[in-house]
Amino acid sequence: MKSSSKFDIVVYGATGFTGRLVAEYLAAHYTGNDAPKWAMAGRSKEKLASVRDAIGADASDPASLKAMVAQTKSVITTVGPYMLYGNDLLAACVAAGIDYFDLCGEPTWMRQMIDTHEAQAKTSGARIVFSCGFDSLPFELGVFFVQEHAKKVFGAPASRVKGRVRDMKGTFSGGTAASMRAIFEAAAKDLSLVALMKNPFLLTPGFEGPKQPPGNKLVFDEDLKSWNAPFVMANINTRNVHRSNMLMGFPYGKDLVYDEMMVTGPGEQGEAMAKKVMAANNKLSGTDVPKPGEGPSKEERESGLYDLLFVGIAADGRQARIAVRGDRDPGYGSTSKMISECAICLREAPEVKGGMWTPGAAMGNRLIKRLVDHAGITFTVEQ
């Protein structure tokens, strides 16, 4: 990371919906002499210049990306799908030793980037941090927090953890939907990607853990006395949790079994709701979703929320439970705060070495504290 750079952070994609929210958050919360110096970058420098220091950069122009990277210590990119628009920017950051933060929910692309760039990132000092938004930060840190609690309660980590979405108000982002479509389209063209997508240890090269629950059917969860429905983001979140465990040296053990589902309630009503959730999940890869660059109103974002439960289960059946809650809609309002705080937090952690990171593995409790203090996210122990 260069100490002489003009900027501490460049927000790339700031003309898009989520990028604008990131820029608004930084402008509202980080001002004054001690605040990081940041700029916005995108294809239309003119659109940006009226708001902030602006840098012209385009995903289809590698030279412009290199010029942008040369001016900063870190890049926040909200320009997805990353498999379509992310390759050259990530490569430029790795080559220059620049920190990189994204909102990626595309595990096959992430694995390709890890295989291609991890060794060079360790050499150059670039700290590449994937999945800094709703996928997968609250889930990765939720498992981290419940394992910390389990060690106090059980004297050992929990080898079985359940992540459960109890409540969520707000929409998935248009970028998330676009990424899902891009994943399916890529798999249709290259059938070898299908096997990779099914592998729960896709993001842990060289390590294969125990069999994991598929999470693709309605189930009645005896521990929660509730019907559970598949959770559309489990495919990326669970893989990031296993990668985080590996990057930290397996503090959760090598026998971790982890899944994520949505809690829909008991009885016939809960079962009927679970079926509705499955039907809604299928629509996310269709056309009736926000397009990249579109999103909810300020009022809708501020009235949104999420409530996540994490249950660590010991071999003797004892349970450790914690909750993670956010005070904005998950896909936009909370996500824009999370990725911003990741960049601020890593800026204050020079001891973290270059490599391909998850946020929790890189920053752990330090990041939890920042999110609690600044981003309206709570981590609480439940009885």
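One N or O on the side chain of S64 and one on the backbone of D58 form a donor-acceptor pair closer than 3.5 Å. Judged by distance alone, with hydrogens and angles left aside, the side-chain atoms of Q212 form a donor-acceptor pair with the main-chain N or O of P210 at under 3.5 Å. Between the N245 side chain and the Y252 main chain, a donor and an acceptor come within less than 3.5 Å of each other. At distances below 3.5 Å, not a single donor-acceptor pair connects side-chain atoms of Q319 with backbone N or O atoms of A314.
Atoms CE and CE, on M113 and M110 in that order, are 11.0 Å from each other to the nearest 0.5 Å. The OH atom of Y332 sits 13.5 Å away from the CZ atom of F134 when rounded to the nearest 0.5 Å. I236 contributes atom CD1, which lies 6.0 Å from atom SG of C104 (distance to the nearest 0.5 angstrom). Residue M356 holds its CE atom at 11.5 Å from CZ of R111, rounded to the nearest 0.5 Å. Between the OG atom of S5 and the CD atom of Q71 there is a distance of 9.0 Å, given to the nearest 0.5 Å. The distance from the CD1 atom of I339 to the CD1 atom of I344 is 11.5 Å, given to the nearest 0.5 Å.
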Report the C-alpha distance between I322 and V324 in whole Å, list the side-chain angles of each, state the deciding distance to 0.1 Å, and finish with yes or no for side chain to side chain contact (heavy atoms under 4.5 Å, CB included).
-> CA-CA 7 Å; I322 69 97; V324 179; 3.8 Å; yes

F139 and F231: ring-ring contact (aromatic ring centres under 6.0 Å, His included), yes or no, with the steps?
-> CA-CA 12 Å; F139 300 91; F231 179 46; 5.5 Å; yes

Go through the steps to decide whether N240 and T358 satisfy the test side-chain hydrogen bond (donor to acceptor under 3.5 Å, both in side chains), and finish with yes or no.
-> CA-CA 7 Å; N240 271 326; T358 61; over 6 Å; no

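D221 and N228 share a donor-acceptor pair across their side chains, judged by distance under 3.5 Å alone. The closest side-chain donor-acceptor pair between S334 and Y306 falls under 3.5 angstrom.
Side chains of E300 and D329 form no contact here, defined as non-hydrogen atoms less than 4.5 Å apart. Between R20 and Y25 there is no side-chain heavy-atom pair separated by less than 4.5 Å. Side-chain contact check for V75 versus M68: some heavy-atom pair is nearer than 4.5 Å. At a threshold of 4.5 Å between non-hydrogen side-chain atoms, the residues Y82 and N87 do not count as touching. Inter-residue side-chain proximity for M338 and C132 is flagged as unmet; no heavy-atom pair is nearer than 4.5 Å.
Remark: K337 pairs with D327 by the salt bridge (charged side-chain N to carboxylate O under 4.0 Å, His left out) rule, at least two apart or across chains. Taking E348 as the reference, R370 meet the side-chain hydrogen bond (donor to acceptor under 3.5 Å, both in side chains) condition, with sequence neighbours excluded. Considering only residues two or more places apart in sequence or on other chains, E118 meets the salt bridge (charged side-chain N to carboxylate O under 4.0 Å, His left out) condition with R243. With sequence neighbours excluded, the residues that form a salt bridge (charged side-chain N to carboxylate O under 4.0 Å, His left out) with E222 are K225. Here K217 pairs with nothing under the salt bridge (charged side-chain N to carboxylate O under 4.0 Å, His left out) rule; sequence neighbours left out. Evaluation of the side-chain hydrogen bond (donor to acceptor under 3.5 Å, both in side chains) rule for T380 yields R325 as partners, not counting sequence neighbours. Applying the side-chain hydrogen bond (donor to acceptor under 3.5 Å, both in side chains) rule to K275 yields no partners; only residues at least two apart in sequence or on another chain are considered. By the side-chain hydrogen bond (donor to acceptor under 3.5 Å, both in side chains) test, R318 pairs with D316, sequence neighbours left out.
For residues 193-215, there are no salt bridge (Lys or Arg N to Asp or Glu O under 4.0 Å) pairs, not counting sequence neighbours. Sequence neighbours left out, the pairs with a member in residues 247-263 that pass salt bridge (Lys or Arg N to Asp or Glu O under 4.0 Å) are R160-D259, R164-D259. A ring-ring contact (aromatic ring centres under 6.0 Å, His included) check over residues 199-227, counting only residues at least two apart or in different chains, returns the pairs F201-F207, F201-H242, F207-F250, F220-W227.
Using the six-membered ring where Trp is involved, Y100 and F130 have ring planes that are perpendicular, over 60° apart on the 30 and 60° scheme.
With side-chain heavy atoms closer than 4.5 Å counting as contact, directly or through intermediates, the hydrophobic cluster containing L309 also holds L224, V263, V311, I313.
Under the 4.0 Å criterion applied to side-chain N and carboxylate O atoms, K73 and D99 are not assigned as salt-bridge partners.
For CD of Q120, the number of neighbouring non-hydrogen atoms (other residues, nucleotides, ligands) closer than 6.0 Å is greater than 12.
Evaluated for a side-chain contact (heavy atoms from CB on, under 4.5 Å) with S136, the options P107, P359, S131 yield exactly one hit, S131.
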